[in-house]
Q: 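Take a look at this one; I'll ask things after.
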Number of protein chains: 4
Amino acid sequence: MKRTKPKYKQIVDAAVIVIAENGYHQAQVSKIAKEAGVADGTIYLYFKNKEDILISVFREKMAIFVENINEILTKDLSISEKLLQVVENHFRVLQNDPHLAIVTQLELRQSNKDLRFQINNVLKEYMILLDQLLEEGVEKNELSSELDLRLARQMLFGTMDETITSWVMNEQKYDLISLAPKVSNMLLRGYQQR
Amino acid sequence: MKRTKPKYKQIVDAAVIVIAENGYHQAQVSKIAKEAGVADGTIYLYFKNKEDILISVFREKMAIFVENINEILTKDLSISEKLLQVVENHFRVLQNDPHLAIVTQLELRQSNKDLRFQINNVLKEYMILLDQLLEEGVEKNELSSELDLRLARQMLFGTMDETITSWVMNEQKYDLISLAPKVSNMLLRGYQQR
Amino acid sequence: MKRTKPKYKQIVDAAVIVIAENGYHQAQVSKIAKEAGVADGTIYLYFKNKEDILISVFREKMAIFVENINEILTKDLSISEKLLQVVENHFRVLQNDPHLAIVTQLELRQSNKDLRFQINNVLKEYMILLDQLLEEGVEKNELSSELDLRLARQMLFGTMDETITSWVMNEQKYDLISLAPKVSNMLLRGYQQR
Amino acid sequence: MKRTKPKYKQIVDAAVIVIAENGYHQAQVSKIAKEAGVADGTIYLYFKNKEDILISVFREKMAIFVENINEILTKDLSISEKLLQVVENHFRVLQNDPHLAIVTQLELRQSNKDLRFQINNVLKEYMILLDQLLEEGVEKNELSSELDLRLARQMLFGTMDETITSWVMNEQKYDLISLAPKVSNMLLRGYQQR
DNA sequence: TATGAATGAGATTTCATTCAT
DNA sequence: TATGAATGAAATCTCATTCAT
């Protein structure tokens with residue numbers, strides 16, 4: 001299972017396209033192979049099984065989020081500014097890759113429990129970073145000292161997720177990124193002391 | 001397609017149990033029929049196809065939410081109090097029916113795009129009620145006049161949804177209902193003018 | 001798994017024909033279904049899986065041997081006469097069902113270890129009857145008192161088996177049944193005291 | 001197709017080991033290549049295809065039997081003594097190479113009809129030698145003049161084969177070689193005039 | 001000679017749905 | 001209305017073999 005060879009990336013990218021265009025249940029291995037320009041059997045030189053392709057898609061793409069967020073967190077900015085950048089980043093990555101948006105918001109959710117469990121493990125890393133952001137806000141006295149961190153993070157992630165899903169279901173008709181300031185403002189006020 | 005006969009309800013209830021206990025992908029029509037105490041073929045006297053069973057499950061159960069929320073909205077209460085009651089109601093219905101919680105938060109999400117679009121149509125009714133609540137808040141000057149209603153509602157629904165899903169994924173180990181005040185408070189502040 | 005319905009027998013018989021005519025590895029379930037005049041899926045109402053079909057073929061057909069041998073053993077005959085009848089019976093059943101002969105002597109031996117283990121269990125019943133025959137011969141002093149029963153039975157079965165396999169490999173060109181007296185005579189002498 | 005180079009022998013020996021340890025159906029070409037310490041493709045410089053490896057295994061190993069038997073036949077011994085030595089030799093070669101015993105008695109029998117016909121061709125050479133032994137016995141008046149040579153040889157081979165297969169299936173728990181005298185005695189008596 | 005990455009054909013099994021009774 | 005036996009389409013994965021290097 002080589003994870004570095006160009007063919008590995010070819011197949012992951014092909015999977016995103018095929019799933020976005022055909023839907024999760026119509027994304028047969030043979031379609032992915034065709035899109036990637038390799039034989040069906042070649043897939044299995046790089047992935048253990050079909051599930052392994054899907055979890056890899058998620059892992060590879062989620063890495064982009066994590067990397068960006070990490071960068072934002074290390075900057076010397078106020079929490080309100082960081083929060084805005086986090087939301088904007090989340091929105092931007094998905095607006096700029098419409099296929100990926102469909103895949104993460106609609107298609108991959110159709111996967112079975114096993115796969116979703118694995119996806120959740122990948123998501124945890126992202127969640128931890130969101131937790132860090134909020135914790136920092138409390139420490140710096142920018143957010144309420146009484147904030148329930150878990151609930152706050154669930155509000156953050158749930159709001160972004162629902163906003164994006166609605167946008168995808170509305171066929172990505174409006175500009176998502178420009179909604180980020182309003183969203184982060186609402187969240188911020190929710191997190192602040194009265 | 002009789003929607004009133006007892007057998008219709010029998011089958012819907014059987015579906016909830018079977019899906020919760022076996023998972024979406026292991027909820028075969030024959031299992032549902034067995035649980036309902038009818039023959040496989042009988043299912044098709046009451047439902048067009050399997051998807052029709054699932055959407056019916058959602059529609060029937062969602063009716064409980066809508067009914068409750070409707071009642072709350074007509075009461076003579078402040079928005080902050082109504083918001084609390086809405087969140088509490090949402091949490092309570094699902095905490096009191098663990099099978100249903102599993103089905104709505106985890107299992108039904110595995111359905112295909114078509115079914116999910118239909119589910120979203122059912123959800124719309126609920127969304128409209130949430131919109132009304134927020135609108136009323138703006139009109140009564142309890143919420144910021146600059147509130148973006150759609151985003152606000154997405155924050156409301158997204159936060160509740162994510163909170164419940166996390167709770168289900170944590171095997172419903174803690175008390176969900178008691179989180180309602182904190183959640184509604186955070187939301188409320190987010191919706192208010194500084 | 002109904003073992004009595006006519007369709008069960010239909011499928012078993014079809015399996016014998018298909019395996020004999022196409023060979024073990026070319027006996028696809030769909031071919032068997034076609035030969036039996038049922039749909040592919042119907043097979044799985046009567047058999048757990050493909051292996052279950054094959055072991056059933058063996059079990060059903062072996063029952064004929066066991067039944068016949070049992071009958072012979074209960075007759076009031078000399079051991080030499082019983083031995084002759086046993087050999088003759090073995091040869092006759094297979095000569096009269098050329099398909100079955102091909103299946104038992106050539107095709108079913110290609111099965112994997114698991115299946116062969118199960119087949120051996122079925123064979124054991126037959127082996128035990130052969131043991132009884134030889135034991136009776138010793139008790140009645142018709143066979144040498146020093147006979148090693150296990151080796152004697154291995155000689156009996158091995159000789160019959162090799163004789164039939166050679167006959168099958170020679171495309172069943174000569175009369176097998178008429179060889180029974182010579183074969184049983186040779187065996188008998190081998191079992192007798194000098 | 002060089003049959004002399006060391007790599008040819010390396011591969012044949014690797015095949016015996018891989019088949020014995022993994023079973024016929026789990027003996028992939030790539031496993032054999034790995035065991036032999038060569039690349040998959042290299043196999044095809046020495047063998048036409050996989051079947052060719054297997055038939056080669058059989059041919060190479062059978063040569064040992066043929067050589068030994070030839071030697072025995074040329075000795076100046078009574079038929080009864082030669083028969084004993086033949087049986088003993090057959091048992092000894094397999095008892096001393098447990099891997100080979102498993103391969104010849106269990107695994108190679110799972111091969112398809114084509115391969116088994118080829119194996120039988122190789123076996124024929126051995127069968128001819130057994131025929132010669134029996135013929136010599138008749139000529140020297142040590143065996144019955146009325147012996148049916150083919151049946152007698154089938155009894156000889158079938159008995160040895162079944163005895164060894166039982167021993168292998170019993171996990172080679174007892175001493176096989178020491179059974180040779182009893183076996184050859186039973187056979188001898190069967191071949192002699194009353 | 002030697003390599004090993006790539007190929008692609010092929011079959012078992014499940015399960016939603018039908019329809020004769 | 002109700003039954004349940006029968007249907008049949010459809011997809012993952014393996015592995016012998018090839019061939020460019």
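Every chain is numbered from 1, with letters handed out A, B, ... down the list of sequences. These numbers were taken from a predicted model, which means no experiment stands behind them.
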Q: Does CD in D:Gln118 sit with more than 12 non-hydrogen atoms of other residues, nucleotides or ligands closer than 6.0 Å?
A: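 More than 12 within 6.0 Å, yes.
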Q: Evaluate the ring planes of D:Tyr8 and D:Phe47, with Trp represented by its six-membered ring, and classify them as parallel (under 30°), tilted (30 to 60°) or perpendicular (over 60°).
A: parallel
Q: Expressed as a whole number of angstroms, how long is the span from A:Asp52:CG to F:dC13:P?
A: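 The answer, rounded to whole Å, is 10 Å.
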Q: Quick one: does D:Leu54's side chain get under 4.5 Å of D:Ile19's, heavy atoms only?
A: yes
Q: If we ignore hydrogens and angles and just use 3.5 Å, is the side chain of A:Arg116 paired with the main-chain N or O of B:Leu106 as donor and acceptor?
A: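 Judged by distance alone, yes, a pair lies under 3.5 Å.
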Q: Any side-chain heavy atom of C:Val103 within less than 4.5 Å of one from C:Lys61?
A: no
Q: Distance check needed: E:dT7 P versus A:Ile43 CD1, whole Å only.
A: 10 Å
Q: Taking the side chain as every heavy atom from C-beta outward, state whether A:Gln26 and A:Lys31 have any pair of such atoms under 4.5 Å apart.
A: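 Yes, their side chains come closer than 4.5 Å.
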Q: For the pair B:Glu107 (side chain) and B:Ile102 (backbone), establish whether a donor and an acceptor sit closer than 3.5 Å, ignoring hydrogens and angles.
A: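 Such a contact is absent between B:Glu107 side chain and B:Ile102 backbone.
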Q: Measuring only between side-chain heavy atoms, which start at C-beta, is A:Ser56 closer than 4.5 Å to A:Arg59?
A: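 A:Ser56 reaches A:Arg59 side chain to side chain.
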Q: Would you say the side chain of C:Phe58 lies within less than 4.5 Å of the side chain of C:Leu123, judging by non-hydrogen atoms?
A: yes
Q: Using whole Å, report how far CD1 of D:Ile11 lies from P of F:dT17.
A: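 Rounded to whole Å, this separation is 14 Å.
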Q: Let me know the distance between CD1 of A:Ile53 and C1' of F:dA11, rounded to the nearest Å.
A: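 Value for this atom pair: 13 Å.
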Q: Check the surroundings of atom CD in C:Glu125: do more than 12 heavy atoms from other residues, nucleotides or ligands lie under 6.0 Å from it?
A: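 Count not over threshold, so no.
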Q: Using atom names, set out every protein N or O paired with an N or O of nucleotides 18-21 of chain F below 3.5 Å, distance rounded to 0.1 Å.
A:
none

Q: Taking for each residue the nucleotide of DNA chain F bearing the nearest heavy atom, is the 5' side occupied by D:Lys50 or by A:Asn49?
A: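 On the 5' side of the pair lies A:Asn49.
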Q: Within the pair A:Lys7 and E:dA6, is there a side-chain N or O less than 4.0 Å away from OP1 or OP2?
A: yes
Q: Starting from C1' on F:dA6, measure out to CZ on C:Phe47 and report it in whole angstrom.
A: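 Between C1' of F:dA6 and CZ of C:Phe47: 15 Å.
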Q: Would you mind reading off the distance between B:Glu51 atom CD and E:dC15 atom C1', rounded to a whole angstrom?
A: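 Between C1' of E:dC15 and CD of B:Glu51: 16 Å.
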Q: With the threshold set at under 4.0 Å for non-hydrogen atoms, list the residues of residues 23-39 of chain A touching DNA chain F in residue-number order.
A: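 Those residues whose heavy atoms fall under 4.0 Å from DNA chain F, taken from residues 23-39 of chain A in numerical order, are A:Gln28, A:Val29.
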Q: Could you give the CG-to-P distance, from B:Asn22 to E:dC15, as a whole number of Å?
A: 11 Å
Q: Can you establish whether the number of heavy atoms outside C:Gln105 located under 6.0 Å from its atom CD is more than 12?
A: yes
Q: Any chance you could encode DNA chain F as dot-bracket? Rule is Watson-Crick or G-U wobble with both distances under 3.5 Å; [ ] for pairs crossing earlier ones, | for another strand.
A: .||||||||||||||||||||
Q: Let's see if you can work this out: which of F:dT7, F:dA2, E:dT7 has an atom nearest to the side-chain heavy atoms of C:Leu45?
A: F:dT7
